[in-house]
Visitor: 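Pasting in a structure now, in structure tokens, and then I'll have a few things to ask.
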Amino acid sequence: MNIFRFAADLLHVFAIATLLLKIWNTRSCAGISGKSQILFGLVYVTRYLDLFTTYVSLYNSVMKVFFVVTSAVAIFLIYVQYKKTYEHDLDLFRIELLLLPCAMLSLVINHEDIVLEVLWTFSTYLESVAIIPQLFMVKKSGGIEKFMIRYLIAFGSYRAIYLINWAYRYIMESHYDLIAIFAGILQTIIYILGFFLLRGVKVVVSDKEEEP
Amino acid sequence: AQDENLHDEL
């Protein structure tokens with residue numbers, strides 16, 4: 001593993017921690033798109049089914065479990081524990097508009113026509129667009145809290161740095177995965193477009209956020 | 001070359 005990938009993974013963990021700590025500290029999931037979190041949950045579950053079939057390293061396994069578990073926790077906090085604070089009236093993006101194209105594309109363009117491989121491909125395509133409901137929610141509410149800015153920057157940088165990792169691996173190891181690279185480029189573009197979409201959105205400070 | 005199905009990343 002090279003430094004780019006490790007740095008990217010740390011940013012990925014940081015993004016998730018930012019989200020969970022915000023919900024935990026303020027006992028509120030205001031401003032967070034439950035739909036994006038459901039999509040990320042699907043991403044992790046469909047991608048990390050290989051926990052049962054392929055062992056890469058202890059690091060990989062621990063991280064995979066971390067992503068699946070924290071994503072389940074986020075969904076639980078939003079839809080059960082702090083359900084009353086979930087702003088479902090602002091979370092209106094139709095996720096089937098993302099799920100169906102990703103499902104169809106993964107059936108057509110994949111490395112191999114076997115279940116695990118199609119699910120991995122679906123997961124990779126879905127990850128690239130999973131943030132869209134969150135971006136629309138921020139746009140619709142017209143305000144964004146600082147934790148959400150940190151979350152979006154960390155999550156966007158994570159895949160952008162993976163692109164550097166893939167360039168590095170191509171040069172050093174002649175290794176590349178066109179599906180991952182294509183989806184990673186799309187994902188990075190979506191975050192960049194997202195920041196353009198959200199320019200002009202007011203940065204708001206929530207009542208409970210100003211704690212040390 | 002492309003190592004098909006080598007998913008060693010996250």
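A note on names: the letters A, B, ... follow the listed sequences, proteins ahead of strands, and every chain is numbered from 1. Source: prediction; values computed, not measured.
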Visitor: With chain B as the partner, which of Val56(A), Leu116(A), Thr54(A) has the greatest number of non-hydrogen pairs under 4.5 Å?
Guide: Val56(A)
Visitor: Per the side chain to side chain donor-acceptor pair (under 3.5 Å) rule, what does the pair list look like for residues 34-45 of chain A, sequence neighbours excluded?
Guide: His12(A)-Tyr44(A), Gln37(A)-Tyr151(A)
Visitor: Which salt bridge (Lys or Arg N to Asp or Glu O under 4.0 Å) pairs, counting each pair once, include a residue from residues 6-16 of chain A, with sequence neighbours left out?
Guide: Arg5(A)-Asp9(A)
Visitor: Measure across Leu10(B) and Tyr162(A) and return the closest heavy-atom pair with its distance rounded to 0.1 Å.
Guide: N-OH, 3.4 Å
Visitor: Report, by ascending residue number, the residues of residues 61-68 of chain A in heavy-atom contact with chain B at a distance under 4.5 Å; give 'none' if the set is empty.
Guide: Met63(A), Lys64(A), Phe67(A)
Visitor: Please step through side chain to side chain contact (heavy atoms under 4.5 Å, CB included) for the pair Leu6(B) and Asp177(A), ending with a clear verdict.
Guide: CA-CA 8 Å; Leu6(B) 176 69; Asp177(A) 183 327; over 6 Å; no
Visitor: Tell me if the CZ atom of Phe122(A) is crowded by more than 12 foreign heavy atoms within 6.0 Å.
Guide: yes
Visitor: Under 4.5 Å, heavy atom to heavy atom, which residues of residues 182-196 of chain A contact chain B?
Guide: none
Visitor: Using heavy-atom distances under 4.5 Å, tell me whether Tyr170(A) contacts chain B through its side chain, its backbone, both, or neither.
Guide: neither
Visitor: For the residue pair Glu9(B) / Asn165(A), report whether a side-chain donor-acceptor contact shorter than 3.5 Å exists.
Guide: yes
Visitor: From Glu117(A) CD over to His7(B) NE2, what is the distance, rounded to the nearest 0.5 angstrom?
Guide: 3.5 Å
